[in-house]
Amino acid sequence: MDREEFRRFGHAFVDWVADYFENVGELPVRPAVSPGEIRAKLPKEAPRSGENMADIFNDFKEIILPGMTHWQHPGWFAYFPANNSPPSVLAEILTAGMGAQCMIWQTSPAAAELEEVVMEWLRRMLGLPEGMAGVIQDTASTATLCALLTAREKATGFAVNERGFRERLTVYASAETHSSADKAVKIAGYGIKQLRRVPTDKDFAMVPAQLERMIREDRERGLLPACVIATLGTTSSAAVDPLVPIGDICRRHGVWLHVDAAYGGSAGILEERRWIFNGVEAADSLVFNPHKWLLTNFDCSAYFVKDPGLLIRTFEIHPEYLKTGVDAEVKNYRDWGIQLGRRFRALKLWFVLRSYGVEGLKNVLREHLRLAQEFRGWVESDERFEVMAPVHFGLVCFRFNDGSAENELERINREIMTRVNDSGRAYLTHTSLGGRFCIRMSVGQRTTAEKHVREAWELVLQAAGSLAGKKAK
Ligand SMILES: *Cc1c(COP(=O)(O)O)cnc(C)c1O
């Protein structure tokens, strides 16, 4: 590709993305494709000689786009949001253009220093304790793995390899904890049977007294409790584990406290939601995802630690070829996590924080919270429906309930969800809470407005109306 062609297509692609932002709401949120359908349209081998960009772009539009699920659709109510935003996309263009490897200060000084600065901005925006230091990870899964590895090292006095630790160290997380905790427990070598599932209360939050009992029992059996994972905004229902009592238990037993705020953490920029962080002073580490609900393209996970020294001691390496004369004065983020090569992720975050400003971001989140409360109100005021969990953030878990048996309710609610999703106008997902099938309505896409939330509710009502008889509750 020559210079002129790059320019021409570069402009065309920016126009295409601008149009996409404007018109994505007209596309079906979820594509109507079956497994293998896209693959069948693609050649078995890479082309021998170069093809021209017009053909490649055309295939993108004809083959790829119709097979995409549109996460930036205003009718996106599935899972959790994974927002981008215009300033974030523009920054990604610059990042890709520079193609820098940001593994150590010397390989990209501005990237290292900007990362330090934007992490400090985020720390202040969320009101996290002074002294907590941040690093950008690819995902919350990776950050939680880093926490479990550091907790493992600390619990064994950084002598894992000499002393061994298998079947002695234990980890605690509520039954509602994200599956990335299970994965990290496996990868970090604790062994999955060392993961204790702490029971939850009626609001699906961890019961601290049960946590304490389990830690005591394990200690009496000669085990070494190493880490507690508390969640602010669980995946099923966005429940909030109470950090004050959990932190107190961790402190008394000398156990690492990792806080997974992957989804809910963004709401900490709002004074009125800051209560979720009550007790966070006790946390040894915390992760939240700007790539979910802070308008920053995937991937961008903010990982904060109380003592960077422990993190660095867990991960540091000093190969001769990476030694520089300034190592004592700078942050070399290769030692703050698993990977060596690192993308320049701080740039898009910097663009987003500056372009929106803290007030601008607060307005976006406040509107999502308001819309979720509206939706909750509609569900509550219709006697055929019920809200299934407290609404702390943008997520409303609800279900149709006309008093039928549980398995019949599951069938009806599944069918309601399928019909809404098949409309292409909205996308909802499901979960199970206390053994009951629920529909999850997660409000948080950047461009979602009241009319989209209302449309989703009307689709639910239509589906329910045509499915169920008039049987009273
Ligand atoms: C989304 C989410 C995760 C996983 O996040 P990734 O960045 O995709 O790894 C973990 N925990 C919670 C609570 C989440 O909401």
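Counting starts at 1 for both ligands and their atoms, in listed order.
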Quick one: does [X] get an N or O within less than 3.5 Å of an N or O on ligand 1?
X: Ser141; result: yes
X: Phe80; result: no
X: Asp260; result: yes
X: Ser180; result: no

Within the 4.0 Å heavy-atom shell around [X], which atoms of ligand 1 are there?
X: Tyr263; value: 15 (O)
X: His291; value: 7 (O)
X: Ala262; value: 2 (C), 3 (C), 10 (C), 11 (N), 12 (C), 14 (C), 15 (O)
X: Asn289; value: 5 (O), 6 (P), 7 (O)
X: Gly233; value: 13 (C)

Considering only NZ, NE, NH1 and NH2 on the basic side and carboxylate oxygens on the acidic side, decide whether [X] and [Y] come within less than 4.0 Å.
X: Arg123; Y: Glu116; value: no
X: Glu120; Y: Arg124; value: yes
X: Arg252; Y: Glu212; value: yes
X: Arg399; Y: Glu386; value: yes
X: Arg366; Y: Glu271; value: yes

To check your reading of the model: name the closest protein heavy atom to [atom], its residue, and the distance in Å.
atom: atom 15 (O) of ligand 1; value: Lys292 NZ, 2.8 Å
atom: atom 6 (P) of ligand 1; value: Ala140 N, 3.6 Å
atom: atom 4 (C) of ligand 1; value: His178 CE1, 3.4 Å

- prompt: Do Asn363 and Tyr356 have side-chain atoms, one donor and one acceptor, less than 3.5 Å apart?
  reply: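 Side-chain D/A pair, Asn363 to Tyr356: absent.
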query: Do the side-chain N and O atoms of His258 and Ser285 include a donor-acceptor pair separated by under 3.5 angstrom?
result: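 On atom types as modelled, these side chains qualify, holding a pair under 3.5 Å.
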field: From Thr139, Thr142, Leu311, residue fulfilling side chain to side chain contact (heavy atoms under 4.5 Å, CB included) relative to Tyr303
entry: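 For Tyr303, the side chain to side chain contact (heavy atoms under 4.5 Å, CB included) test succeeds with only one of Thr139, Thr142, Leu311, which is Leu311.
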